[in-house]
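Quick note on labels: first sequence line is chain A, next is B, and so on, each numbered from 1. These numbers were taken from a predicted model, which means no experiment stands behind them. Only heavy atoms go into these numbers, but all of them, side chains included; no hydrogens, no water, no symmetry mates.
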Amino acid sequence: MIAAGSTVGAPGKNGAVLAALTTDRPGWSVQLLADDGTAIGEQERVDAERIAALETEHHPRWIWNDTLTTYPALLAAGVRLDRCHDIVMTERILLAREGRFGEPAAAAAVEARRLGHPVPEDLAEDLPSAVPVLFDTHTHTPDPGVDLPALVNAYLDQLSRVATAAAGRPGEDIAVDPGALRLLIAADSACALVAAEMGRFGMPWQPDVHDRILTEKLGARPAPGERPPKMAVLAAQINDAFGFPVNPDSAVDLRGAFRRAGFELETTRSWVIKEVDHPAVPAVLAYKELSRLHSANGWNWLTEWVRDGRFRADYVPAGVVTGRWATKGGGALQIPKVVRSAVVAEPGFCLVVADAAQLEPRVLVAVSGDEKLAALAGDDDLYVGLAEIGFSGDRSKAKLAMLGAMYGQTSGEAGRLVATLRASFPAAMACVETAARRGEQGRLVTTVLGRTSNPPSAAWTEIVDTGAGPEASAAVERRGRQVARDRGRFTRNFIIQGSAADWAAVWLSTLRQSLRQVPGAELVFFQHDELMVHCPAEQGEQVARMVTEAADTARRLVFPHGRARTPVRPLVVKCYADAK
DNA sequence: TCAAATGGCGCC
DNA sequence: AAAGGGCGCCATTTGA
C-alpha cells in the first residue's frame, strides 16, 4: 500500500531504503542509499540476478530516470520490482506546479549537465512528446548522460521541492497538501511499473475468435487494398441509391453526393446523416460502421498487434494532461465493444473486470464538498437520487444535467438542465464554474492530488487579449471570447477528469500491491475507470474482493475529508464480453 | 511528392 | 437526440 505523506518504506536489513539504478551496457549500475541519500557501500555494476537479490534483501525504492525506458529490460530479464521513484514523471508534476511547464523534464539529465556530464540533445529536450518509449523489452538502451550521483541529486532535489510545489504560487489557487502531492508522485511511479508489466504480459486475445467476428461482419478477408465483400456490396448500393458513383470513404465526395441529391450537410457525421431522408442513408451508415471496424480493428490490426494469444499495448501512464493514460499504437483505450468477445481467459484462469460506477459525478461530489449532493452519494445510482431532488424523478435528465455541468454545456436542453442543477446544488456548480472562470482568465487549476493544468499557449493569450482590446472588430472580439470559453470548458473538465484519474491511479497501484499475494494474477488492462486482472479461476473471488478493497483505500487516501463513495463493480468472467 | 491537417469515430 | 471534456488512429485532403 502506498503511504500518504511518506516517500520511503521501512528500512532494509542494512538500513538501505533506496537504490539508484542506471542502465549501462552491459547490465546496470546500482547504488544503495539511506533515506537521506547517503550512500551505503560502493557503486556496483550488476546483472539482473543481482538486482533481484537486492530487491529481496533490501526491498528498496528504486530510483531511476524513466520507468518506461528502464523497467522493460529488467522485466525481460525476469526481474520484477516492487516500488520505484520515476524522476521524469515526478519532474513533470513538479515543473507544472512551479510554473515551469514545458521545461525539460529529464531532471537527472539536467542535473548531469550541471555536473559537467555531456547530455545528448534528445534527452535534454525531453518534452512529453519527445520521451522515448522503448517497449521492445529486449532493447537494453543505456541512459545517456545520466550517472548515479546525478540521479541521487535529482531525487533529493525533487523531494526538497515538494512542499513549495504543493503550496503553489501566489494568485493561482492551486495549493494542495504536500502529502497529497507525495501520494500522486508515488501513485504515478507505481502506475509506470504497472504500465510496463501490463505491456509485457499483454491482454489474452484469441485471434480465431476475432477473425470469426470480422468474417461474420465483413465477409471473407479481402486481398490488401481491396474492400471486404460486405463493404463492397454496400458501396454498390450507395452508388445505386444516388444514381452516380460515390466514394463513401471520402467525406468530400459523400457531402457532394448529398448536395446533388438536394441535402446541404454541415458534416457527414453519422448522426447528421441519420436525419437525412434519402434511400442511400441506411447503406451509408452501415458502410461507415463496417469501415470503422475494418480499418481500426480489422485483420491488419490483428496481425500487427496480437501475438502468441496476447494483445500487447504500449501504455503511456499519465500521458494525457489530465493524468489519464494514453497509448502509442494499437488503440488499447478504444477497443470497440464488438470485438471484446475475443478477450478470453486462459484455461484454468478467469478475468476479473471492474469499473468504477459513475466515477466522475462522484468525484464532483468529493471535490466540491457539496453537502446536499453528498447526501445522495450513498446511493448505488447517483442519478436516481438526483432525479428525485431536481428533475421530477427523470433519471435521464439528471444524468444529462450532471454531464453538462462537468463538460460545460450551455446550449440546448442540457444547458437548461444545468440551470436546474445550479439551483439545487449551488456549491457543486460553483466548484466547476470557478474552474471554468479560471481557465477563461488563463489561470491554472489543479486536481485533488495536485496535478496542474498546463498554461494556455502564447497564441491563446494573444487572441484573447486582442479580442478584449479597444480596437477589436466584432469578429475578433467574438473569436477572443470563443477561445476563452473553450479554455474554460477545458479547465472545468480538468478538475473532474483529472481528479478521477488521481483516484484511479491510486486504485490501480494499491491493487497491484495486493495482487502480489496471488500467484499467477496479472493486471492485464486499465482504461480510465476500469481494470482487468487475469488470475487462476479459483482466486477470482479473492481478487474481486481485493479490487473492492483497493477502491476503498483509494477513496480514503484521495478524498480523506469527503463523504463521497467510489463503489466498484468487479465481475469474475471468462470473457470480457460477459462483463456488462 | 510528401508531410501536416482534417474529418470521422471508437473509447472513457 | 444532440455535442459540451479528454484521447488515438485511420483514410482522405490540403498545402508547401
Side-chain angles (χ1 to χ4, degrees), chain A residues 128-129 225 227 231 247-256 265-275 284-285 287-298 300-301 304-305 313-340 355-361 363-364 396-397 399-418 432-433 435-436 439 445 447 451 453-454 482 485-501 504 525-531 576:
Chain A
S129 62
R227 272 190 182 125
M231 283 171 64
N247 175 13
D249 290 321
S250 162
V252 175
D253 212 24
L254 198 55
R255 195 159 159 237
L265 304 182
E266 277 284 301
T267 79
T268 57
R269 285 169 163 84
S270 52
W271 66 80
V272 173
I273 288 179
K274 198 166 58 183
E275 300 308 311
V284 169
L285 295 176
Y287 182 93
K288 277 173 171 286
E289 200 179 318
L290 294 186
S291 166
R292 169 75 195 185
L293 175 64
H294 178 54
S295 67
N297 294 96
N300 291 344
W301 181 90
E304 188 177 355
W305 289 100
D314 293 351
Y315 294 98
V316 187
V320 176
V321 278
T322 56
R324 276 188 174 184
W325 288 24
T327 54
K328 282 173 89 77
L333 303 182
Q334 295 106 244
I335 297 169
K337 296 205 159 96
V338 66
V339 299
R340 290 183 182 184
D355 70 335
Q358 304 172 341
L359 181 58
E360 296 199 345
V363 165
L364 173 57
S396 65
K397 284 191 176 177
K399 180 176 177 179
L400 205 60
M402 190 58 112
L403 294 176
M406 292 186 298
Y407 292 157
Q409 185 139 24
T410 53
S411 63
E413 190 190 356
R416 288 192 296 282
L417 293 172
V418 172
V432 288
E433 280 164 12
V445 291
T447 67
R451 195 186 310 277
S453 62
N454 55 323
Q482 192 206 318
R485 267 201 312 276
D486 289 348
R487 185 81 199 165
R489 277 195 298 276
F490 165 67
T491 50
R492 171 195 294 260
N493 186 247
F494 183 97
I495 62 167
I496 305 297
Q497 188 185 114
S499 298
F525 188 53
F526 174 61
Q527 184 185 38
H528 311 315
D529 63 354
E530 174 182 357
L531 56 77
Y576 191 14

Identify the pairs formed between an N or O of the protein and an N or O of nucleotides 1-4 of chain C at a distance under 3.5 Å, and give each distance.
unit_1: C:dA1; atom_1: N1; unit_2: A:Glu413; atom_2: OE1; d: 3.3
unit_1: C:dG4; atom_1: O3'; unit_2: A:Arg489; atom_2: NE; d: 2.7
unit_1: C:dG4; atom_1: N7; unit_2: A:Gln409; atom_2: OE1; d: 3.1

Find every protein N or O atom lying less than 3.5 Å from an N or O atom of nucleotides 13-16 of chain C, and list the pairs.
unit_1: C:dT13; atom_1: OP1; unit_2: A:Ser250; atom_2: OG; d: 2.4

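Direction of the helix axis in the helix from B:dT1-C:dA16 to B:dC12-C:dG5 shifts by 10° between the two five-pair termini, rounded to 10°.
As judged by a 4.0 angstrom heavy-atom cut-off over every strand, A:Arg485 is placed among residues making no nucleic acid contact. Contacts of A:Ser291 with the nucleic acid, taken as non-hydrogen atoms under 4.0 Å apart, are absent. As judged by a 4.0 angstrom heavy-atom cut-off over every strand, A:Arg269 is placed among residues touching the sugar-phosphate backbone only. Here A:Gly415 lies out of heavy-atom contact (under 4.0 Å) with every strand. Here A:Val418 lies out of heavy-atom contact (under 4.0 Å) with every strand.
Remark: C1' of C:dG5 and CG of A:Asn454 are 14 Å apart, rounded to the nearest angstrom. Here the P atom of nucleotide C:dC7 and the CZ atom of A:Phe526 are 16 Å apart, to the nearest Å. For the pair A:Arg324 CZ and C:dG8 P, the interatomic distance rounds to 11 Å; values are reported in whole Å. Rounded to whole Å, atom C1' of C:dG8 lies 13 Å from atom OH of A:Tyr315. Residue A:Arg292 contributes atom CZ, which lies 9 Å from atom P of C:dC10 at whole-angstrom precision. In this structure, the CG atom of A:Leu290 is 15 Å from the P atom of C:dA11, given to the nearest Å. Between A:Leu293 atom CG and C:dC10 atom P there is a gap of 14 Å when expressed in whole angstrom units. Atom pair A:Arg255:CZ and C:dA11:P shows a separation of 23 Å (rounding to whole Å applied).
Remark: the backbone N or O of A:Ala435 is paired with a side-chain donor or acceptor of A:Thr491 at under 3.5 angstrom. Between the side chain of A:Thr327 and the backbone N or O of A:Tyr315, no donor-acceptor pair lies under 3.5 Å. Judged by distance alone, with hydrogens and angles left aside, the side-chain atoms of A:Gln497 form no donor-acceptor pair with the main-chain N or O of A:Thr322 at under 3.5 Å. In this structure, A:Arg340 contributes its side chain and A:Ile335 its backbone to a donor-acceptor pair below 3.5 Å. In this structure, the side chain of A:Lys288 does not engage the main chain of A:Pro248 through any donor-acceptor pair within 3.5 Å. The closest donor-acceptor contact from the side chain of A:Arg489 to the backbone of A:Tyr407 lies at 3.5 Å or more, if one exists at all.
Using a 4.0 Å cutoff to heavy atoms of chain A, the contacted part of DNA chain B runs 5' to 3' from B:dG7 to B:dC12.
Under the 4.0 Å criterion applied to side-chain N and carboxylate O atoms, A:Arg227 and A:Asp249 are assigned as salt-bridge partners.
For A:Gln527, the CD atom counts as densely surrounded, since its 6.0 Å shell holds more than 12 non-hydrogen atoms of other residues, nucleotides or ligands.
Side-chain contact check for A:Met406 versus A:Leu364: some heavy-atom pair is nearer than 4.5 Å. Side-chain atoms of A:Leu254 and A:Tyr287, non-hydrogen and from C-beta on, never get closer than 4.5 Å to each other. Side-chain contact between A:Val339 and A:Leu293 is present, with heavy atoms from C-beta onward closer than 4.5 Å.
Along DNA chain C, the nucleotide closest to A:Gln497 and the one closest to A:Gly331 are compared, and the more 5′ of them pairs with A:Gln497.
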Would you check, one step at a time, whether the test side-chain contact (heavy atoms from CB on, under 4.5 Å) holds for A:Ile495 with A:Thr447? CA-CA 5 Å; A:Ile495 62 167; A:Thr447 67; over 6 Å; no
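In this structure, the salt bridge (Lys or Arg N to Asp or Glu O under 4.0 Å) partners of A:Glu360, at least two apart in sequence or on a different chain, are A:Arg324. When the salt bridge (Lys or Arg N to Asp or Glu O under 4.0 Å) test is applied to A:Asp355, the partners found at least two apart in sequence or on another chain are A:Arg569.
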